[in-house]
Amino acid sequence: MTDPFGFLRIPRRPVPPRPVTERLNDWDEVYAGQSQLPLIAEQAGRCMDCGIPFCHHGCPLGNLIPEWNAYATRGSWRDAAERLHATNNFPEFTGRLCPAPCEDACVLTINADPVTIKNVENAIADEIWARGYASPQPPERLSGKTVAVVGSGPAGLAAAQQLTRIGHTVAVYERADRIGGLLRYGIPAFKMEKQHLDRRLGQMRAEGTKFRTGVDVGGDLDATELLRRHDAVILAVGAREQRELPVPGRELSGIHQAMDYLTFANRVCEGDYAAPPVTAADKQVVIIGGGDTGSDCLGTVLRQGAASVVQLDINPEPGEARRATEPWPVYPKVYRISHAHEEARGREGTDPRVFSSATLRFEEGRAGQVGALHLTEVEPTAREPRPDTEQRIPADLVLLALGFSGPEQGSGLIAQLGLTLDDRGNFARNACFAAETVERAGPARSRADGVFVAGDAGRGQSLVVWAIAEGRSAAAATDSYLSGSTVLPAPVAPHDRPLVA
């Protein structure tokens, strides 16, 4: 603790984003070019160094937040980097993408404003690279064991890096043309520029991790063949089964899944397209879904120059403060404004969200194209339509941001490896992250042997911090399977859940 009175003397001051009028004209990060260090050192000094730091429990990675806060306050960036990397493989990802449940678990939140933990983490992560503290860490010796990681999102990358550094030979298989999963094509550049991903991948290559793109395991490559070639396989394919909206008119043109739309926009930034195949330019846009993906669509729509945009959320509008049923330190459902919502307010002057609303049907416009959406207010708990509340909203482009229901059901992985699904539609697994599968009949190898599941594929859609924590834990389970024991950390168990009321 550097200043025992810091939290009393210094008010909370987050790092300010760039002006709305500036950032809507480019795809650079919201905080690009903003000076952070003087402010960060001051804000980190607000940390109380609590006897029981509940921020540890708000974060599934168990980040050592008071320790790196103290180092950041002193400007001891090498020590801060070591403490941050001790629990988190990719702090430059989490510092940009995580909604920071650690801040809601900060002890200061009981009766004051929490420490700006996310800003401090992001600043340390950037200093790590600027000062050369992210040197590759290749293993001193190889184990002779090989591991295939299927999927290159944060869970797969975390597992691969941990296993490579411990001495196993790791190959990451990705069906897309570039490594990164949703970090590459799902997250807009204004939230995380891809240079941060590419830089980390360069470090992993230097450590010895191999990457194989354009390989659809379960499709082009039989998963049983992959298992035969390797001593273990980790399935980190994510939860990519997109939820549908089965209402009349869904077949009309101009209605797209949000992830397809975001992928097109990201490919423009990657240089694959001169213009996106689906664009919001000069269109009346309706986004259905009030989560992070909907917010990402909102920011993208605004940058593409939509004529208007409305975002529908089936949930009721939350209040400004915690409810009595959501006591500290749980992550509360309170009214939050993302940078995209701030941008929409700056352009239109009002919040684009319509709460407690559900879609009844789509109306045809010209030649099979969607022209309008009919919605209704819903009851907050039963979500049943309220009588006489139907409205019509013009819509040239509709984006479905309804979330995901688990790994893709059409994947050949399920049949080829004999995987079973849990009651939520995710790959079932035991307490050691091993896949729960059907035994193969006869003398052939059991399909369960050596197959592990990490990330959203086993947990269901979740946050980037949970994905990295799962990857680290699955790596520990895999190393224990291959070596008989492990020194790798396992921050979470398969059935752990966030702090919720």
Non-hydrogen atoms of [X] and [Y] that approach each other most closely:
X	Y	answer
C59	C102	CB-CB, 4.4 Å
L108	P114	CB-CA, 4.1 Å
G180	L197	CA-CD2, 3.9 Å
V172	G151	CG1-O, 3.7 Å
P352	L298	CG-CD2, 3.8 Å
Q284	P394	OE1-CB, 3.4 Å

Inspect the surroundings of [atom1] in [X] and state if more than 12 heavy atoms from other residues, nucleotides or ligands are less than 6.0 Å away.
X	atom1	value
R386	CZ	yes
K333	NZ	no
D282	CG	no
D388	CG	no

Exercise. Test I40 against N122 for side chain to side chain contact (heavy atoms under 4.5 Å, CB included), laying out the working first.
Key: CA-CA 10 Å; I40 287 301; N122 195 20; over 6 Å; no
Donor-acceptor contact present, side-chain [X] to main-chain [Y], <3.5 Å:
X	Y	result
T109	A105	no
T420	E436	yes
R459	D496	yes
Q311	G289	yes
E342	I337	no
T94	V465	no
R323	P318	no
E103	K118	yes
Q416	G218	yes
H341	S338	yes

Can you check whether [X] reaches [Y] side chain to side chain, under 4.5 Å on heavy atoms?
X	Y	result
R240	L182	yes
L399	T293	no
T116	V15	no
Q304	Y261	yes
F433	T478	no
F404	Q242	yes
R23	H339	yes
L157	L201	yes

Taking atom [atom1] of [X] and atom [atom2] of [Y], what is their separation to the nearest 0.5 Å?
X	Y	atom1	atom2	answer
L375	L360	CG	CG	7.0 Å
N119	I124	CG	CD1	11.0 Å
I288	T359	CD1	OG1	3.5 Å
I314	F355	CD1	CZ	13.0 Å
D456	E241	CG	CD	13.5 Å
Q257	L402	CD	CG	7.0 Å

Identify whether the distance between the nearest side-chain nitrogen and carboxylate oxygen of [X] and [Y] falls below 4.0 Å.
X	Y	result
R336	D104	yes
E244	R250	yes
D292	K191	no
D177	R267	yes
E270	K194	no

Self-check item: CA sep, side-chain torsions, deciding dist, call: V20, R345, side chain to side chain contact (heavy atoms under 4.5 Å, CB included)
Solution: CA-CA 9 Å; V20 167; R345 282 180 163 190; over 6 Å; no
Could you tell me whether [X] sits above the aromatic face of [Y], with NZ or CZ closer than 6.0 angstrom to the six-membered ring centre and within 45 degrees of the axis?
X	Y	result
R303	F190	yes
R96	Y31	no
R175	Y185	no

Quiz item: Taking E121 as the fixed residue, which of D126, N88, I65 is the one that meets the side chain to side chain contact (heavy atoms under 4.5 Å, CB included) rule?
Solution: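 Among the candidates, only N88 passes.
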Quiz prompt | Sole candidate of N426, T437, V453 that passes side chain to side chain contact (heavy atoms under 4.5 Å, CB included) when paired with L419 | solution =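 Checked N426, T437, V453 against L419; only one passes side chain to side chain contact (heavy atoms under 4.5 Å, CB included): T437.
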Exercise. Test side chain to side chain contact (heavy atoms under 4.5 Å, CB included) on V149 and E174 and set out the steps.
Key: CA-CA 9 Å; V149 177; E174 169 59 54; over 6 Å; no
Self-check item: Step-by-step side chain to side chain contact (heavy atoms under 4.5 Å, CB included) determination, L417 to L235
Solution: CA-CA 11 Å; L417 293 175; L235 302 178; 4.0 Å; yes
Quiz item: Can you list every pair that meets salt bridge (Lys or Arg N to Asp or Glu O under 4.0 Å) and has a residue in residues 412-430, with sequence neighbours left out?
Solution: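 Counting only pairs at least two positions apart or across chains, the salt bridge (Lys or Arg N to Asp or Glu O under 4.0 Å) contacts touching residues 412-430 are R429-E470.
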Practice problem: Kindly determine whether T389 and E377 satisfy side-chain hydrogen bond (donor to acceptor under 3.5 Å, both in side chains), including the steps that lead there. | Solution: CA-CA 6 Å; T389 61; E377 294 180 14; 5.0 Å; no
